[in-house]
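We number each residue from 1, following the sequence as shown.
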Amino acid sequence: MDKIITGLSSQEVEKLKKEGKVQSKQQSITKTNAQIFKENIFTLFNLLNFVIAIMLFVVGAYTNMFFIVIIMINIAVGIVQECKAKKMVDNLSILNRPQIKVIRDGDESFVALEEVVQGDVIVLESGYQICNDAKIISGELEVDESLLTGESDAVLKGVGSELLSGSFVVAGKCYAEVVHVGSDNYATKLAEEVKQDKKIESELLGSMRKVTKFTSFLIIPLGILLFMEAYMLRGNALSESVVSSSAALLGMLPKGLVLLITVSLANGVINLSKKKILVQNIYSLETLAHVDVLCLDKTGTLTDGKMQVKDVVCLGEEYKQAENLLCSYLSSSDDNNVTMQALRSYFPQRKNYFPLSKIPFSSKRKWGAICLKSVGTVFMGAPEKILPQPGNDVEKMLEQGLRVIAVGLYKGNWEREDELPNEIEPLFLISLEDGMRKNIKSTLEYFYKEGVDVKVISGDHVKTVREVARKAGIKRWKDAVDMSALGAFTDYDEICEKYAVFARVTPAQKKEIVKALKRKKHHVAMVGDGVNDLLALREADCSIAVAEGSDASRQIAQVVLLESDFTHLPLVVSEGLRVINNVTRTSGVFFIKTIYSVLLTIFCLVINMPFPFIPIQITLVDAAMEAWPSFLTIFESDTRKLKGSFLKTAITNALPFALIIMSQIMFVKLFMNYTTHQAETVMYFLLILTTMLAVIKSCIPFNKLRAFICVSMVVGTFGVLMIIPSLFKLAAITSEMIMGTAAVFVFGLVILLILLKVQKILDLS
């Protein structure tokens with residue numbers, strides 16, 4: 001620096017805070033409490049249920065309003081569980097927030113983002129997130145503005161240049177003055193800006209939206225038709241017409257399923273939070289469980305990111321002179337990546353020569369340079385860039401999986417960033433090693449066992465990456481490609497399937513590889529820790545970062561491993577599999593009622609028959625055969641590999657049972673000689689027995705919990721019916737009714753077994 005930068009004084013900071021020129025509190029990545037209450041209360045399902053309750057209240061059918069108690073409990077449980085998950089995530093997100101380096105009273109220190117005031121001098125280095133609009137007052141940077149502009153190329157910023165919040169430092173170091181805070185920033189909400197409002201990819205959420213849309217389309221017209229037919233054509237009383245119509249509408253709403261999904265995902269987030277895994281998007285649990293291709297960066301993911309100098313080969317004649325040049329480069333450079341940190345810890349820190357100009361290291365260029373007074377320009381970077389002929393020493397180092405850095409000298413001033421001079425004199429060849437992460441082989445084996453293909457995408461030399469991939473246990477480690485040798489017209493769709501190891505990859509190429517995999521209908525997860533991973537992280541279906549990585553990668557990722565251990569990732573996958581498998585297994589029972597209610601309503605309209613059930617009867621089915629079994633079993637550990645889509649699986653599991661219930665009711669109505677009240681009672685018992693059968697089937701294979709659920713469901717349901725039969729408006733049971741119910745049930749059971757057999761043959765379940 002040409003001048004000493006002291007920044008603001010403590011008194012100036014306090015004055016600016018009182019004037020309100022301070023950064024507003026960082027927006028939470030989670031929903032607010034108000035949003036949680038709103039989203040759990042003001043739903044279409046709740047609206048329809050409350051409208052039905054109001055109608056029943058108006059006609060005095062108070063006993064049939066008990067379902068609204070279940071709705072209120074559902075709302076309360078959903079709110080409590082989401083608030084609990086929010087608290088856990090918010091507590092962890094504090095650890096994930098970027099700390100801002102400022103200069104105050106002449107000293108550098110870190111402060112929380114909300115402590116930054118207008119006029120503060122902030123220090124920005126490689127990997128830092130730019131959280132406030134600022135102006136450079138000293139130094140220069142390469143800045144990635146791709147999340148704001150869509151342009152992938154880094155932009156060079158010098159003294160006087162403006163820096164926009166939401167961008168990231170790729171290379172270099174600078175001192176910048178904050179010009180905007182809070183809502184005056186280029187991005188009002190930094191977290192949302194970084195994520196660019198990425199569309200939530202959730203099969204569970206999308207499926208429920210389809211079901212909501214479908215039932216909403218049917219429920220109003222069918223409800224009106226049922227009421228009009230009962231009130232006008234059959235001449236029923238107003239209260240009787242409302243009660244029978246309400247039961248049909250209540251049956252069409254799989255209201256507990258929405259709560260089941262929310263509670264399951266929230267519980268998964270809570271479980272992972274306890275293990276220091278931050279899930280910044282609740283649906284990432286589900287997304288990661290669907291992943292079939294996992295893309296990994298090498299450094300910091302397969303390896304532990306702790307680089308150490310292994311060997312130094314002097315290529316010049318005078319080691320001391322060459323070392324003085326290298327030490328001056330390291331002392332003057334503003335680069336601070338893991339490689340530079342390792343070099344600085346190995347070589348003594350001294351500045352023998354004064355720096356005149358700097359070209360920061362760029363992952364795109366693969367080199368950096370500093371012009372030293374009276375000496376020339378020292379270059380540092382990839383051997384194939386710096387050395388005219390890398391030679392056998394480089395090859396041997398690379399084949400051992402080492403990272404190799406070359407240092408050279410150009411005897412002149414060089415300031416061009418788009419090309420290198422031809423006359424670079426070799427000085428040093430430096431090899432660095434990076435330790436493999438513990439348990440990396442077993443972790444990768446887990447993903448292979450789950451049917452997930454693993455690909456390594458790195459900016460290092462192809463031989464280095466290939467050797468590390470071999471040590472880590474990548475099955476196709478030999479299928480490696482040097483992306484720098486492919487040219488501008490690369491067929492990414494072809495190479496994304498052909499190779500498993502990608503080396504010398506630029507940030508833009510990483511993004512294109514991920515996009516190509518998605519075009520091939522793969523679900524892609526990307527694990528990264530640096531600014532060069534940002535584009536690929538944003539493009540991936542699920543983005544994962546480690547806490548030791550850059551601010552940038554942590555802020556954009558959907559999942560952050562706060563203990564920086566990639567081997568914890570199977571925990572996230574297992575939690576997602578558990579949620580989806582349990583929800584899928586139990587959701588079929590919810591859809592049984594929806595399907596038969598729609599079919600039965602149409603049947604009733606066609607033959608001018610009243611809907612055979614009343615709301616209180618439907619409520620007992622909701623509570624005893626849907627809510628009770630599903631909410632006890634969603635916390636089970638079921639981490640089997642996913643098969644088929646959620647909605648298709650749930651509906652095909654429900655369809656045979658719904659069709660049997662429908663056919664049983666039709667048979668009783670059309671062919672059995674009962675009074676109307678007796679027929680409705682027989683129909684209700686058939687409904688109960690067949691639904692219980694569906695629950696029992698979903699509990700296979702049995703364990704102690706599932707056996708308890710089935711026994712308590714049967715005992716509890718029939719116990720309630722025996723104790724207060726009048727509440728459910730059931731007819732007195734006769735031997736004829738018992739025999740008729742048994743005969744129809746057994747006949748239905750035979751047909752059901754046939755349907756399930758056919759379904760299994762067709763592989764629909």
Side-chain angles (χ1 to χ4, degrees), residues 61-64 66-67 226 230 234-237 239-248 250-251 592-593 596-597 599-601 603-604 606-626 628 656-696 710-753:
Y62 305 124
T63 56
N64 283 292
F66 187 75
F67 72 91
L226 276 175
R234 293 196 301 273
N236 293 346
S239 60
E240 187 180 348
S241 301
V242 169
V243 169
S244 64
S245 303
S246 298
L250 287 173
I592 291 172
K593 181 160 58 67
Y596 81 68
S597 293
L599 296 176
L600 183 54
T601 298
F603 176 70
C604 290
V606 170
I607 68 170
N608 192 17
M609 159 191 164
F611 195 80
F613 310 123
I614 58 176
I616 188 64
Q617 294 173 340
I618 297 297
T619 301
L620 180 61
V621 174
D622 287 343
M625 280 153 269
E626 291 182 2
W628 173 250
F657 293 93
L659 292 176
I660 292 301
I661 290 172
M662 181 63 200
S663 61
Q664 288 171 336
I665 291 172
M666 291 173 63
F667 186 86
V668 171
K669 176 63 181 177
L670 299 176
F671 302 109
M672 300 193 77
N673 188 24
Y674 293 126
T675 65
T676 300
H677 197 192
Q678 287 178 328
E680 289 174 348
T681 301
V682 170
M683 292 176 190
Y684 186 55
F685 277 108
L686 289 169
L687 166 63
I688 288 175
L689 291 170
T690 306
T691 306
M692 283 182 173
L693 203 60
V695 175
I696 292 170
C710 292
V711 171
S712 60
M713 171 186 67
V714 174
V715 173
T717 302
F718 287 108
V720 169
L721 292 176
M722 289 175 63
I723 295 170
I724 44 176
S726 59
L727 178 64
F728 298 94
K729 309 297 183 186
L730 299 177
I733 306 298
T734 66
S735 58
E736 185 181 358
M737 290 170 63
I738 294 174
M739 292 178 62
T741 302
V744 175
F745 177 72
V746 171
F747 178 74
L749 180 60
V750 173
I751 302 300
L752 176 64
L753 292 174

Student: To the nearest 0.5 Å, tell me how far Phe603 CZ sits from Ile607 CD1.
Tutor: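 One gets 3.5 Å once the value is rounded to the nearest 0.5 Å.
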Student: Counting only N and O atoms by type, is there a donor-acceptor contact under 3.5 Å from the side chain of His677 to the main-chain atoms of Lys729?
Tutor: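 Checking the backbone N and O of Lys729 against the side chain of His677, a donor-acceptor pair under 3.5 Å is found.
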Student: Working to the nearest 0.5 angstrom, can you tell me the gap between Met692 CE and Leu687 CG?
Tutor: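 Nearest 0.5 Å value for the CE-CG distance: 10.0 Å.
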Student: Heavy atoms only: give me the nearest Ile592-Ala694 pair and the separation to one decimal.
Tutor: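 It is CD1-CB, 3.3 Å.
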Student: Taking CZ in Phe718 as the centre, count heavy atoms belonging to other residues, nucleotides or ligands within less than 6.0 Å. Is the count above 12?
Tutor: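 Atom CZ in Phe718 is packed in, count exceeds 12.
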Student: Are the side chains of Leu721 and Leu620 in touch, meaning some heavy atoms are under 4.5 Å apart?
Tutor: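 Yes, at least one pair of side-chain atoms sits under 4.5 Å.
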Student: Could you go step by step and tell me if Glu680 and Ile614 meet the side chain to side chain contact (heavy atoms under 4.5 Å, CB included) rule?
Tutor: CA-CA 10 Å; Glu680 289 174 348; Ile614 58 176; over 6 Å; no
Student: If you measure from CG on Leu686 to CD1 on Ile661, what distance do you get to the nearest 0.5 Å?
Tutor: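 Going from CG on Leu686 over to CD1 on Ile661, the span is 9.0 Å.
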Student: So which heavy atom on Ile688 is nearest to which on Met625, and how close?
Tutor: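 Ile688 and Met625 have their closest heavy atoms at O-SD, 3.8 Å.
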Student: Looking only at heavy atoms, what is the nearest atom pair of Leu599 and Met662, with distance?
Tutor: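 Looking at all heavy atoms of both residues, the shortest contact is O-CE, 3.7 Å.
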Student: Should Gln678 and Met672 count as side-chain neighbours, where that means a heavy-atom distance under 4.5 Å?
Tutor: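 Not in contact.
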Student: Counting distance only, does the side-chain N/O of Ser663 pair as donor-acceptor with the main-chain N or O of Ile660 below 3.5 Å?
Tutor: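 Indeed, once roles are kept as given, a pair shorter than 3.5 Å links the two residues.
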Student: Find the distance between OH (Tyr596) and OG1 (Thr691) and round it off to the nearest 0.5 Å.
Tutor: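 Rounded to the nearest 0.5 Å, the OH-OG1 separation comes to 5.5 Å.
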Student: Would you give the length of the straight line joining atom CD1 of Ile616 to atom CZ of Phe67, rounded to the nearest 0.5 angstrom?
Tutor: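 Answer rounded to 0.5 Å: 9.5 Å.
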Student: With a 4.5 Å limit on heavy-atom distance, are the side chains of Ile733 and Thr741 in contact?
Tutor: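 A side-chain contact under 4.5 Å is absent here.
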Student: Determine yes or no for a side-chain-to-main-chain donor-acceptor pair under 3.5 angstrom, with Tyr674 supplying the side chain and Thr681 the backbone.
Tutor: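 Looks like no, no N/O pair under 3.5 Å.
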Student: Just wondering, are more than 12 heavy atoms of other shown residues or ligands nearer than 6.0 Å to CZ in Phe66?
Tutor: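 Atom CZ in Phe66 is not packed in, count stays at 12 or less.
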Student: Rounded to the nearest 0.5 Å, what separation is found between the OG1 atom of Thr717 and the CE atom of Met722?
Tutor: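 These two atoms lie 13.0 Å from each other.
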Student: Which class fits the ring pair Phe611 and Phe613: parallel under 30°, tilted 30 to 60°, perpendicular over 60°?
Tutor: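 Judged by the thresholds at 30° and 60°, the geometry between Phe611 and Phe613 is perpendicular.
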Student: Could you report the tightest heavy-atom contact between Asn673 and Glu736, atom names first, then the distance?
Tutor: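 Shortest heavy-atom separation between Asn673 and Glu736 comes out as O-OE2, 4.4 Å.
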Student: Any side-chain heavy atom of Leu693 within less than 4.5 Å of one from Phe657?
Tutor: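 Side chain of Leu693 against side chain of Phe657, heavy atoms only: contact under 4.5 Å found.
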Student: So, Ser244 side chain and Ser241 main chain: donor-acceptor pair closer than 3.5 Å or not?
Tutor: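 Answer holds: yes.
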Student: Give me the atom names and distance for the closest heavy-atom approach of Ser597 to Ala248.
Tutor: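 The answer is CB-O, 4.0 Å.
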Student: Under 4.5 Å between any side-chain heavy atoms of Lys593 and Asp622, yes or no?
Tutor: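 They are in side-chain contact.
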Student: Can you see which heavy atom on Pro612 is nearest to which on Cys604, and at what distance?
Tutor: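 Scanning both residues, the minimum pair turns out to be CD-SG, 4.1 Å.
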Student: Is it true that atom CG of Asn608 has more than 12 heavy atoms of other residues, nucleotides or ligands lying nearer than 6.0 Å?
Tutor: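 For Asn608, atom CG is crowded (more than 12 foreign heavy atoms under 6.0 Å).
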Student: Just wondering, do Ile618 and Ser246 contact through their side chains at under 4.5 Å, heavy atoms?
Tutor: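 A side-chain contact is absent here, since even the closest heavy-atom pair is not under 4.5 Å.
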Student: Give a yes or no on whether the backbone of Leu730 and the side-chain of Tyr684 come within a donor-acceptor separation of less than 3.5 Å.
Tutor: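 Side chain of Tyr684 to backbone of Leu730, a donor-acceptor pair under 3.5 Å: no, none is there.
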